[in-house]
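Input: a single structure, listed below in structure tokens.
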There are 2 protein chains.
Amino acid sequence: MTASATLRSRRRPVQRRAQQTVEAILDAVIRILKRDGFEAVTTNHIAEVAGVSIGSLYQYFPDKRAIFAALHRRHVGEIDRGIQTALIENAAASLEDLVRALVDAMIDAHTSDPGLHELLMTEVPHRADDTQEFAVRLHGAFRLAIAARTGELMNVRDLDTAAFVVAHMVDALCHGAALRRPPNLGLAAAKREIANAVLAYLRATPAQAA
Amino acid sequence: MTASATLRSRRRPVQRRAQQTVEAILDAVIRILKRDGFEAVTTNHIAEVAGVSIGSLYQYFPDKRAIFAALHRRHVGEIDRGIQTALIENAAASLEDLVRALVDAMIDAHTSDPGLHELLMTEVPHRADDTQEFAVRLHGAFRLAIAARTGELMNVRDLDTAAFVVAHMVDALCHGAALRRPPNLGLAAAKREIANAVLAYLRATPAQAA
DNA sequence: GAACAAATTGAACGAATGCTCATATTAAGT
DNA sequence: ACTTAATATGAGCATTCGTTCAATTTGTTC
């Protein structure tokens with residue numbers, strides 16, 4: 001064991017080939033999941049599909065769980081990057097433009113590899129932390145977006161409530177639109193409709209919501 | 001093997017004690033899931049917690065998967081019953097009342113045993129059919145609700161699109177409200193807010209969504 | 001109360017899985 | 001070139017898991 005090794009972590013990849021080994025392992029998990037389902041995801045099979053020996057696998061992951069955790073971190077990180085970019089690029093934009101940008105980022109994240117997100121969420125076990133951090137970030141993004149424009153939104157009484165509603169709407173609808181969109185609804189139209197639903201909620205008059 | 005036995009099904013419980021055995025098995029799975037997580041859900045352990053022999057378990061379930069499938073069917077059936085009831089009881093009611101009733105039914109289904117729904121969805125493997133049937137039903141329920149009132153809803157251009165949006169909104173928001181509601185948002189208030197969001201979307205004027 | 005069917009039992013088995021470790025190979029540092 | 005650290009290898013071990021089956025107990029039917 002290395003000096004900095006604990007019970008949980010193993011050797012950290014420093015050379016390029018080692019980093020490639022780690023990436024190959026994570027990619028192999030996805031390949032197996034898509035082809036044969038979760039039951040086929042065994043450590044020996046992962047190593048085989050990754051083109052790596054089982055020994056190498058256990059150099060970088062203390063156990064099977066750690067592989068799944070790393071996979072989730074990588075995936076959530078990718079989506080989060082898109083969200084944060086949209087947030088920064090549209091910091092001064094109108095509410096409408098910001099909402100559309102965030103919906104765009106979410107849809108893009110789900111359509112680059114459709115089904116991957118759902119696969120990871122439904123089939124790969126994960127602790128609450130792995131995913132909930134992303135929910136918190138999305139909530140935070142919308143909280144920020146709404147807070148800066150409270151003046152024009154008469155229906156927003158409580159900031160956290162509004163952010164809660166909007167974040168859940170966007171997450172579920174973007175996910176659904178990427179995978180189970182009704183046949184007569186194109187992707188671009190879906191983006192517009194989702195953004196419109198969000199704006200309708202935020203801009204609603206008390207009369208419409210009573 | 002019995003006369004009507006196929007490769008997939010086994011003996012069907014006809015006596016009361018046998019039905020109790022089956023129920024005890026399904027309940028045991030939930031108990032183990034809550035206490036020790038999915039890894040601890042082994043067939044022998046299920047039988048032990050259910051207070052039943054492993055042999056009895058395999059009289060009613062051809063394999064481990066079948067237990068999970070039955071568990072999902074039972075759970076989805078319970079939620080669906082609430083939805084259908086709300087739909088029938090409010091067939092002639094106003095859009096507002098119907099939406100509130102459906103939100104109510106969904107929230108109640110999630111709060112009777114908070115966490116159970118998420119547990120089953122995230123930890124217990126299931127084929128798409130097991131869950132998607134419910135999504136189709138929820139979509140159908142809202143499709144029906146909206147179709148009967150298209151006159152007053154100027155923002156609804158396509159029925160399936162509107163049903164798609166609303167069904168996903170309600171599902172995600174009710175689920176989220178039951179489990180990850182912000183601290184300053186009570187259950188009753190959450191119900192109101194969700195219904196309001198749905199109504200705001202359906203009743204929005206083109207001006208609000210542009 | 002026999003005769004039959006339904007339900008229950010649990011020890012045991014083959015197969016598979018997660019993981020280790022002693023050894024070999026490749027790159028980095030000097 | 002030589003030393004040292006990093007990386008890779010894969011046969012094999014201990015364990016566990018899903019499932020079977022022959023035997024037993026309980027309920028039903030007439």
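None of the values given here were measured: they were computed from a predicted structure. We name chains A, B, ... by the order of the sequence lines, and we start the count at 1 in each one.
Contact annotation: side chain of A/Asp63 to base of C/dC19, donor-acceptor pair absent below 3.5 Å.
At whole-Å resolution of the value, NE2 in B/His45 and P in D/dT15 are 19 Å apart. Atoms CZ (B/Phe61) and P (C/dA7) sit 13 Å apart, rounded to a whole Å. Per the geometry, CG belonging to B/Asn44 stands 8 Å off C1' belonging to D/dG18, to the nearest Å. One atom, CZ of A/Arg11, and another, P of D/dT9, lie 14 Å apart when rounded to the nearest Å. Following rounding to the nearest Å, A/Ile46 (CD1) and C/dT17 (C1') show an atom-to-atom distance of 12 Å. Between the CD atom of B/Glu48 and the C1' atom of C/dA11 there is a distance of 15 Å, given to the nearest Å. Rounding to whole angstrom units, CD1 of residue B/Ile25 and P of C/dA7 are separated by 12 Å. In this structure, CG of B/Leu57 is placed 15 Å from P of C/dA7, rounded to the nearest angstrom.
For the pair B/Lys64 (side chain) and B/Val41 (backbone), a donor-acceptor distance under 3.5 Å is present. Remark: the backbone N or O of B/Phe68 is not paired with any side-chain donor or acceptor of B/His126 at under 3.5 angstrom. For B/Arg149 (side chain) and B/Ala145 (main-chain N/O), a donor-acceptor pair under 3.5 Å exists by modelled atom type. No donor-acceptor distance shorter than 3.5 angstrom exists from the side chain of A/Arg143 to the backbone of A/Leu159, with no hydrogens or angles considered.
Rounded to 10°, the angle separating the first-five-pair axis and the last-five-pair axis of the helix from C/dG1-D/dC30 to C/dT30-D/dA1 equals 30°.
Checking the phosphate oxygens (OP1, OP2) of C/dT20, a side-chain nitrogen or oxygen of A/Arg10 falls inside 4.0 Å. Residue B/Ser56 places at least one side-chain N or O under 4.0 Å from the OP1 or OP2 atom of C/dT9. Phosphate contact (OP1/OP2 of C/dT20, side-chain N/O of A/Tyr58, threshold under 4.0 Å): absent.
Closest to the side chain of B/Tyr60, out of D/dG10, C/dA7, D/dC17, is C/dA7.
In summary, the aromatic rings of B/Phe164 and B/His168 are positioned with their centroids under 6.0 Å apart.
A salt bridge is absent between A/Arg73 and A/Asp80; no separation between the charged side-chain nitrogens and carboxylate oxygens falls under 4.0 Å.
Evaluated for a side chain to side chain contact (heavy atoms under 4.5 Å, CB included) with A/Ile67, the options A/Leu57, A/Val22, A/Val124 yield exactly one hit, A/Leu57.
No side-chain donor-acceptor contact under 3.5 Å links B/Asn184 and A/Asp160. Side-chain contact, B/Tyr201 with A/Glu193: a donor N or O sits under 3.5 Å from an acceptor N or O.
Position along DNA chain C of the nearest nucleotide to B/Gly55 versus B/Arg16 favours B/Arg16 as the more 5'-ward residue. Ranked by how close their nearest DNA chain C nucleotide is to the 5' end, A/Ile54 and B/Gln59 are led by B/Gln59. Each of B/Glu39 and B/Gln15 was assigned the nucleotide of DNA chain D with the nearest heavy atom; the assignment lying further toward the 5' end belongs to B/Glu39.
Listed by residue number, A/Arg17, A/Ala18, A/Thr21 are the residues of residues 17-24 of chain A with a heavy-atom contact under 4.0 Å to DNA chain D.
If you check every strand for non-hydrogen atoms under 4.0 Å, A/Thr42 touches sugar and phosphate atoms only.
B/Thr161 OG1 to A/Asn196 CG: the interatomic distance, rounded to the nearest 0.5 Å, is 11.5 Å.
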